[in-house]
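Working notes for the structure below.
Note that the structure is predicted; figures quoted are calculated from it, not measured. In what follows, chains are A, B, ... by sequence order, proteins preceding strands, each numbered from 1.
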Amino acid sequence: MKEFKDFSVEDFVQHPSFRRWVLKSSEADMLFWQQWYLSHPDKKALVDEAYSLVQGLQIVDDTHYDEVELAVEQIVRLRNRTGKAIGLYSLYKYTAIVLVCLGIGTTWYLFNRVPAQTAFLLGSKEVEWFKNNTAKSKTIELSDSSFVHLLPNSQLAIAKDYNSNKREVWLKGSAFFEVKTNKNKPFVVQSNHVLTKVYGTSFWIKESASTDSISVAVVSGKVSVQKVDAQTSQSSNEIFLQPRQHIVMVKEGENQLKSFDNTIDNSFSDSTVATHSTQNFQNTLLSDVLAILSLTYNKKIIYDDARFASCRLTARFTDEHFYEKLDLICLTVQAEYEEFEDHILLRGAGCP
Amino acid sequence: MYYSEFEKELVTAQDASLFVKEYGREVWLCFKQGDDAAYEKLLTLYYPALLNYGSRFYKDKEFVKDCIQDVFLDVWRKRASLSDVLEPKSYLLVALRRRLMREKSKIRWFTEAMPLDDNYEFEVQFAIETYLINREIQHEDLKKLHKSLERLTKRQREAIYLRFFQELEYHEIAQIMNITQHSAVNLVYEALKYIRLNWIYP
């Protein structure tokens with residue numbers, strides 16, 4: 001194994017840990033490399049070059065995740081049609097295999113579930129509690145074949161009317177969710193100050209008591225998160241997350257949006273004046289939205305008219321700051337902005 | 001057994017990436033055994049990667065999606081005879097690439113006789129063109145870097161894409177591009193060397 005001090009620029013560019021430092025996706029790696037950089041001044045030129053290369057060689061993820069959902073549904077439909085003739089014997093075989101796949105967790109669910117009498121009210125909702133006070137994770141299968149893998153010291157409450165016209169659960173602690181796609185019945189997780197809406201997918205929700213934050217990481221599918229105020233029950237705008245995106249929702253202050261490996265590091269920061277008018281955009285052209293924003297905050301916004309010509313936006317802005325609004329707009333149309341002295345430049349691939 | 005990985009603290013991106021890989025393997029195993037739900041999970045997990053990769057070769061998205069659909073339906077039909085693949089993602093990428101090349105040759109048989117494996121394009125967009133740039137890199141350097149990237153061969157671009165965007169190991173890249181592991185390593189290193197030579201970093 002080559003030592004770091006014998007690394008060439010090309011070696012650095014490819015090393016996973018080095019990349020995580022440059023792309024700011026891992027605290028541990030960032031600490032290590034910052035330290036290494038300072039203690040090896042003779043390698044400064046090498047590292048600087050490798051650093052720029054890693055940044056410059058990042059590739060734009062232009063995948064449209066909405067298309068993915070539709071395509072997957074179609075394939076499943078076709079598969080169901082072709083795979084129909086299942087004999088009785090095969091059916092038994094299938095059932096047995098499914099149980100094996102689910103593992104120990106299923107047993108826990110079937111035999112240890114909290115009996116109906118102990119169901120109680122969460123606010124005004126009747127729920128059923130599942131608590132994991134063991135040292136291992138437990139798998140819960142919900143009535144619609146969604147799975148929740150509850151980590152130790154975590155609790156999940158399921159609405160009694162789960163799978164009626166919506167699917168509501170409450171999470172205290174951490175869990176990995178595998179949600180069955182059902183566009184007509186939104187799957188919603190309430191965890192402390194964060195409300196996560198699911199559109200058929202697998203994702204993580206983790207609670208951190210030390211920093212009073214909730215992390216949501218998407219493995220597949222699409223998810224939206226919003227902050228909820230406990231007192232007023234008011235919720236912020238929905239922030240949509242794609243696979244490999246991970247957001248840390250801090251109770252008070254800035255959220256941090258990251259990618260598993262590629263960096264998209266937008267911090268919603270506190271800046272200047274907030275307007276208190278509500279702006280409601282329904283499938284509005286991006287150009288119109290930007291024009292209004294530009295006028296409201298007296299900032300010049302420049303972008304490629306042709307590229308963004310077909311972009312439309314549906315959003316409801318209340319009292320976010322200018323940069324928060326800009327960030328949300330950028331997230332929606334998959335663009336990035338750069339601030340210059342007298343204007344803001346919006347860059348992106350545009351919309352299909 | 002099924003989800004041993006996620007019992008650890010998901011703190012770093014490394015854990016997250018490892019989890020996704022481990023999860024993918026488990027889903028593949030269950031799907032192979034006939035688990036219907038696992039098949040759907042497999043689709044949701046890998047469809048985006050296949051769509052992104054396929055789009056590098058063809059701008060015609062519908063054509064790419066048709067090919068991906070064929071790959072997944074094929075995989076479902078053959079599930080009983082599939083092996084316990086360690087890396088489902090690269091398995092699927094190999095299947096897609098083969099299908100795309102085959103389809104392409106059917107369309108273009110009447111044109112010049114070019115070696116099948118060479119007759120394709122590979123388009124990829126590097127972030128410097130649209131990304132929020134770290135202030136350390138000056139604009140002039142970026143323009144030079146951009147020019148170098150444009151001059152890479154399509155194989156070099158594909159190797160870089162598979163290595164840095166799809167995060168694949170060299171043996172996986174070799175499998176997908178149908179080259180030796182040694183060639184895969186060279187492609188990436190050559191590409192990096194070329195970029196460096198043509199972009200004099202101050």
Task: Salt-bridge contact B:Lys41-A:Glu178 (side-chain N to carboxylate O under 4.0 Å) - done: yes
TODO: Please flag which part of B:Lys193 lies under 4.5 Å from any non-hydrogen atom of chain A: side chain, backbone, both or neither.
DONE: both
Task: Euclidean distance, B:Glu190 CD relative to A:Glu10 CD, rounded to 0.5 Å - done: 11.0 Å
Task: Quiz item: cation-pi between A:Arg79 and B:Phe72, 6.0 Å / 45° - done: no
Task: Spacing of CD belonging to A:Glu67 relative to NZ belonging to B:Lys65, to within rounding of 0.5 Å - done: 4.0 Å
Open item on the list: Does any backbone or side-chain atom of B:Tyr53 lie under 4.5 Å from a heavy atom of chain A? Answer side chain, backbone, both or neither.
Closed with: neither
Task: Option that, when pairs with chain B are counted at under 4.5 Å, heavy atom only, ranks first among A:Val72, A:Ile75, A:Leu345, A:Val9 - done: A:Ile75
Task: Under 4.5 Å from any heavy atom of chain A - which part of B:Leu43 - done: both
TODO: Would you mind checking which part of B:Arg157 comes under 4.5 Å of any heavy atom in chain A, side chain (CB onward), backbone (N, CA, C, O), both or neither?
DONE: neither
Open item on the list: Can you tell me which portion of A:Gln14 sits under 4.5 Å from chain B's heavy atoms? Options are side chain, backbone, both or neither.
Closed with: both
Task: Contacts of A:Asp11 that satisfy side-chain hydrogen bond (donor to acceptor under 3.5 Å, both in side chains) - sequence neighbours left out - done: A:Lys2, A:Ser8, B:Tyr189
TODO: Please flag which part of B:Tyr161 lies under 4.5 Å from any non-hydrogen atom of chain A: side chain, backbone, both or neither.
DONE: both
- [ ] Start with the C-alpha distance between B:Val188 and A:Val13, add both sets of side-chain angles, then the distance that settles side-chain contact (heavy atoms from CB on, under 4.5 Å), and finish with yes or no.
- [x] CA-CA 10 Å; B:Val188 175; A:Val13 170; over 6 Å; no
